[in-house]
Amino acid sequence: MKRVYCGNVALEHEQKTVRLCGWVHRLRDLGGVTFLHLRDRSGLIQVVCDPKKVPEADEIHAEDVIEIKGKVSARPSDQVDERLHTGKVEVAAEKLTVLNRACNLPFSVEREELLPAEEMRLRYRYLDLRRPEMTAYMGLRHRMMHLGRNYLAEAGYWEIETPILARSTPEGARDFLVPSRQLKGKFYALPQSPQLYKQILMVSGMDRYFQWARCLRDEDLRADRQLEHTQIDIEASFADEKEIQTLVEGLFAVWSKELNGEEIKTPFPPMTYADAIERFGSDKPDIRNPLEIRTVTEKFTKSEFRIFAQVVEQGGTVRSLTLPDGARLSRKELDTIAEEVKPFGFPGVAWVKKTDGLLSGPLSKFTEGTDLKEGNLELCLGGKDAKNLNQAMGRLRDVCGKRLDLVDEADMAALWVTDFPMFELDEDSGRIVPAHHIFTSPRDEDLEYLEKDPLKVRGRLFDIVLNGWELGSGSVRCHDTELQKKLLKIAGLNPAHFDFFLKALEAGAPPHAGIGMGFDRIVAIYAGLDSIRDTIAFPKTTSGQGLMEGQPSGVEESQLNELGIKVRKIQEDHR
RNA sequence: GGAGCCGUAGUUCAGCUUGGUUAGAACGCUAGCCUGUCACGCUAGAGGUCGCGAGUUCAACUCUCGUCGGCUCCGCCA
């Protein structure tokens with residue numbers, strides 16, 4: 001008898017006998033009759049057991065694995081369960097086979113409202129993934145992967161795999177190293193991204209490539225960062241910015257349509273990096289939030305408001321955020337908002353509001369002639385460190401947008417952030433470092449500054465930003481060997497380390513462009529999640545540990561000997 | 001590397017502010033009853049190194065310090 005998925009049982013099966021396999025989700029033993037919800041990947045179905053016919057029903061427990069053969073019937077109209085997808089029907093068990101018993105479990109799979117601590121969920125991930133919510137995220141991820149693959153393949157892109165054991169190169173994040181047994185003292189590196197491989201594939205004439213690529217970076221974790229994450233990696237020969245952007249927009253259009261039945265607005269609007277920082281205080285603005293930041297330094301050049309006047313004297317800037325209808329926020333609420341800028345070193349926020357035609361607040365005496373409208377509130381911060389000030393203003397904008405309910409969470413708003421600088425100054429070392437991606441082609445019109453003033457050079461870079469998440473970074477690559485060498489040198493990197501790549505460029509490299517996008521983040525957005533951990537079957541904790549398997553772990557002395565490795569000191573707690 | 005929040009039955013939490021009886025609740029679990037439940041109901045019961053270590057104190061779940069673990073953020077992540 002063919003198996004039917006629990007979630008697929010419907011009125012069409014009425015009076016038919018079906019075979020169901022799954023886990024006992026919830027049991028209601030009424031003595032003379034037992035009801036249970038049977039669960040599999042597809043959903044839940046109610047099974048009715050008469051213990052006289054199926055005595056096994058008295059012996060089952062939550063999460064036992066069972067097989068049911070039984071007849072489908074429509075539920076009486078007063079017993080339809082609206083919350084259940086299969087709530088109109090039920091299955092009367094004729095045979096119940098226990099395929100496997102479940103031990104007493106550390107937490108309950110069936111109680112959505114009693115979500116165990118994330119530590120528990122990670123330790124017993126197989127149970128956590130059984131929760132219908134998590135099962136759905138895995139299903140969503142699969143579907144997005146499948147849709148994406150088909151879309152890219154149809155667009156003429158070939159899926160090509162690149163090595164997991166790669167060469168360590170000095171740029172970028174910290175490498176994960178894998179010791180070589182055959183060549184003791186030498187190491188492979190796990191790839192931070194397939195960047196150089198995919199460019200070399202273009203040199204090889206593969207024309208268009210894509211890959212769902214694992215990227216590994218030994219850096220500290222966050223809600224949106226894992227040691228290993230999955231990138232949709234794309235590269236195309238003889239392509240420019242427009243071609244890559246259009247391709248990506250089409251990909252998101254497919255997802256939005258197939259998953260949400262909605263059109264996503266394309267093309268995604270472009271915004272320069274400078275504009276993003278000036279108006280939103282961030283290079284990854286959530287443009288669903290209509291609030292914009294302004295620079296109001298000139299208002300405080302000779303101001304009586306000492307703090308800001310001092311800032312201006314020292315060459316700093318003052319920036320403001322106007323909140324429509326913000327005057328209704330209480331002092332307490334303003335204090336809560338002000339807390340948000342303390343991590344950036346600001347003791348508080350200066351503000352002024354207009355109610356009943358009157359200005360009030362700490363700034364009210366110093367903002368005469370202001371264009372502040374009735375009911376509005378203006379928040380101001382001043383500082384010397386522009387980057388820090390922007391970050392704080394960006395945070396204020398986010399917090400206020402949420403507090404005033406200005407952001408429609410169901411909305412999707414994507415944009416391209418362009419014209420990033422190629423280089424920036426590292427504050428600590430005073431050295432010039434790559435701002436984004438050193439294999440990017442500089443803009444033609446900025447080439448003249450390359451030697452004189454490299455900080456002025458903009459790259460042909462474009463970041464995709466969706467709902468305030470940076471999803472990925474694309475660029476038109478540098479396919480000129482000499483220029484690439486120059487870029488590496490300016491960034492303080494030794495071209496010798498990239499010899500294999502530079503040689504490949506010399507061998508007839510086509511102009512090419514591409515992008516890499518964080519797939520976990522994209523899934524998180526479509527799933528409405530704040531953390532990418534719930535989109536990954538087996539994620540790591542913020543300290544980089546796998547709690548279920550217990551990793552990283554110690555290894556046998558013999559394994560180390562084989563690799564020619566001696567561990568100097570072992571912290572006892574990490575065994 | 002730094003800051004913050006959290007850690008108490010199997011699970012989710014209360015108790016800690018102001019140190020002092022036997023550390024409670026809900027769910028789960030065990031046993032029994034129950035023929036239309038769907039958070040089934042009813043009765044009874046078991047279950048705790050209060051993360052770990054040190055200190056203060058006559059006395060620590062409670063106060064202090066350290067440590068381990070989880071989460072959030074800064075640094076870091078081209």
Side-chain angles (χ1 to χ4, degrees), chain A residues 25-37 44-52 61-63 73 75-76 78-84 86-87 90 92 103-124 127 169-175 192-193 195 215-227 229 339-340 342-345 388 391-392 395 420-424 426-428 432-440 459 461 463 470 473 475 487-488 491-493 516 518 530-531 533 540-545 547 571-574:
Chain A
H25 188 66
R26 192 175 289 200
L27 265 175
R28 291 177 295 279
D29 181 356
L30 274 64
V33 63
T34 295
F35 295 92
L36 63 91
H37 279 161
L44 299 170
I45 178 78
Q46 172 160 281
V47 176
V48 196
C49 301
D50 178 348
K52 277 176 242 146
H61 304 87
E63 300 306 313
S73 61
R75 294 208 204 180
D78 60 330
Q79 282 182 20
V80 168
D81 188 346
E82 300 289 349
R83 289 162 302 176
L84 219 56
T86 58
E90 63 186 11
C103 63
N104 232 330
L105 301 175
F107 62 84
S108 137
V109 173
E110 42 104 21
R111 290 268 168 170
E112 298 273 325
E113 71 276 15
L114 287 179
L115 187 69
E118 193 161 2
E119 188 174 347
M120 272 290 148
R121 297 173 49 207
L122 292 170
R123 206 173 286 281
Y124 302 95
L127 292 182
T169 51
E171 99 291 5
R174 196 177 293 117
D175 278 325
Q192 297 173 23
S193 84
Q195 185 61 36
C215 302
L216 301 110
R217 298 172 189 176
D218 188 6
E219 297 291 347
D220 287 356
L221 295 84
R222 287 282 204 293
D224 62 350
R225 279 169 15 196
Q226 281 276 304
L227 294 183
H229 75 281
E339 282 295 316
E340 295 290 332
K342 287 197 176 156
F344 300 93
N388 183 57
Q391 280 182 357
R395 173 69 63 85
F420 283 86
M422 285 284 294
F423 307 99
E424 62 188 13
D426 182 57
E427 308 255 324
D428 299 330
I432 287 177
V433 294
H436 240 70
H437 188 312
I438 200 60
F439 305 106
T440 299
L461 282 154
D463 270 16
E470 187 198 320
S473 201
S475 73
L487 293 172
L488 287 167
L493 297 166
D530 292 326
S531 161
R533 284 188 298 274
K540 312 235 184 303
T541 67
T542 49
S543 66
Q545 302 191 55
L547 295 181
Q571 283 184 313
E572 299 208 350
D573 293 318
H574 290 280

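Each chain gets a letter, A, B and so on, in the order its sequence line appears, and its residues count up from 1. Please read these numbers as outputs of a predicted model, since none were measured by experiment.
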I'd like to know if the side chain of [X] reaches the main chain of [Y], judged simply by a donor and an acceptor atom lying under 3.5 Å from each other, with no hydrogens or angles considered.
{"X": "R225(A)", "Y": "D220(A)", "value": "yes"}
{"X": "T86(A)", "Y": "L44(A)", "value": "yes"}
{"X": "Q226(A)", "Y": "K540(A)", "value": "yes"}
{"X": "R217(A)", "Y": "Q192(A)", "value": "yes"}

Applying the Watson-Crick and G-U wobble criteria at under 3.5 Å, what pairs with [N]? Answer none if nothing qualifies.
{"N": "C63(B)", "value": "G55(B)"}
{"N": "G36(B)", "value": "none"}
{"N": "G69(B)", "value": "C6(B)"}
{"N": "C76(B)", "value": "none"}
{"N": "U30(B)", "value": "A44(B)"}
{"N": "A25(B)", "value": "U12(B)"}

Rounded interatomic separation in angstrom, taking [atom1] from [X] and [atom2] from [N]:
{"X": "D220(A)", "N": "G70(B)", "atom1": "CG", "atom2": "C1'", "result": "15 Å"}
{"X": "L122(A)", "N": "G70(B)", "atom1": "CG", "atom2": "P", "result": "9 Å"}
{"X": "L27(A)", "N": "C38(B)", "atom1": "CG", "atom2": "C1'", "result": "12 Å"}
{"X": "K540(A)", "N": "G69(B)", "atom1": "NZ", "atom2": "P", "result": "16 Å"}
{"X": "R121(A)", "N": "C6(B)", "atom1": "CZ", "atom2": "P", "result": "21 Å"}
{"X": "R123(A)", "N": "C71(B)", "atom1": "CZ", "atom2": "C1'", "result": "14 Å"}
{"X": "L221(A)", "N": "C74(B)", "atom1": "CG", "atom2": "P", "result": "14 Å"}
{"X": "E424(A)", "N": "G75(B)", "atom1": "CD", "atom2": "P", "result": "12 Å"}

With [atom1] as the reference atom in both, quote the distance from [N] to [M] in angstrom, rounded to an integer.
{"N": "A26(B)", "M": "U72(B)", "atom1": "C1'", "value": "28 Å"}
{"N": "C34(B)", "M": "G70(B)", "atom1": "C1'", "value": "43 Å"}
{"N": "C13(B)", "M": "U43(B)", "atom1": "C1'", "value": "26 Å"}
{"N": "U30(B)", "M": "C40(B)", "atom1": "P", "value": "15 Å"}
{"N": "U18(B)", "M": "U22(B)", "atom1": "P", "value": "24 Å"}
{"N": "G4(B)", "M": "C42(B)", "atom1": "P", "value": "47 Å"}
{"N": "U56(B)", "M": "C63(B)", "atom1": "C1'", "value": "8 Å"}
{"N": "C16(B)", "M": "C38(B)", "atom1": "P", "value": "37 Å"}

From [X] [atom1] over to [Y] [atom2], what is the distance, rounded to the nearest 0.5 angstrom?
{"X": "R26(A)", "Y": "R111(A)", "atom1": "CZ", "atom2": "CZ", "answer": "5.0 Å"}
{"X": "Q79(A)", "Y": "Q46(A)", "atom1": "CD", "atom2": "CD", "answer": "8.0 Å"}
{"X": "D463(A)", "Y": "S473(A)", "atom1": "CG", "atom2": "OG", "answer": "4.0 Å"}
{"X": "L227(A)", "Y": "L221(A)", "atom1": "CG", "atom2": "CG", "answer": "4.0 Å"}

4.5 Å side-chain heavy-atom contact, [X] and [Y]:
{"X": "R75(A)", "Y": "D81(A)", "answer": "yes"}
{"X": "V109(A)", "Y": "E63(A)", "answer": "yes"}
{"X": "S108(A)", "Y": "L114(A)", "answer": "no"}
{"X": "Y124(A)", "Y": "L547(A)", "answer": "no"}
{"X": "L115(A)", "Y": "R121(A)", "answer": "yes"}

Which letter, B, S or -, goes with each nucleotide of nucleotides 9-16 of chain B from 5' to 3', with contact meaning a protein heavy atom under 4.0 Å? -SSS----

Quick one, give me the B/S/- string for nucleotides 29-37 of chain B, reading 5' to 3', where B means a protein heavy atom under 4.0 Å from the base and S means that only happens at the primed atoms, P, OP1 or OP2. SS---BBBB

Please determine, for the side chain of R225(A), which listed nucleotide (C77(B), U72(B), C38(B)) has the closest atom? C77(B)

Which one, C27(B), G70(B), U72(B), comes nearest to the side chain of Q545(A)? G70(B)

Between H437(A) and R222(A), which has a closest nucleotide on RNA chain B that is more 5'? R222(A)

Identify whether any heavy atom of [X] sits under 4.0 Å from a base atom; if not, whether one sits that close to sugar-phosphate; answer base, sugar-phosphate or nothing.
{"X": "S543(A)", "result": "sugar-phosphate"}
{"X": "Q391(A)", "result": "sugar-phosphate"}
{"X": "R533(A)", "result": "sugar-phosphate"}
{"X": "R395(A)", "result": "sugar-phosphate"}
{"X": "A491(A)", "result": "nothing"}

Under 3.5 Å, N/O pairs linking protein and nucleotides 45-50 of chain B:
none

Hydrogens and angles aside, do E110(A) and H37(A) bring a side-chain donor and acceptor to less than 3.5 Å of each other? no

Indicate whether OP1 or OP2 belonging to G70(B) is found under 4.0 Å from a side-chain N or O atom of T542(A). no

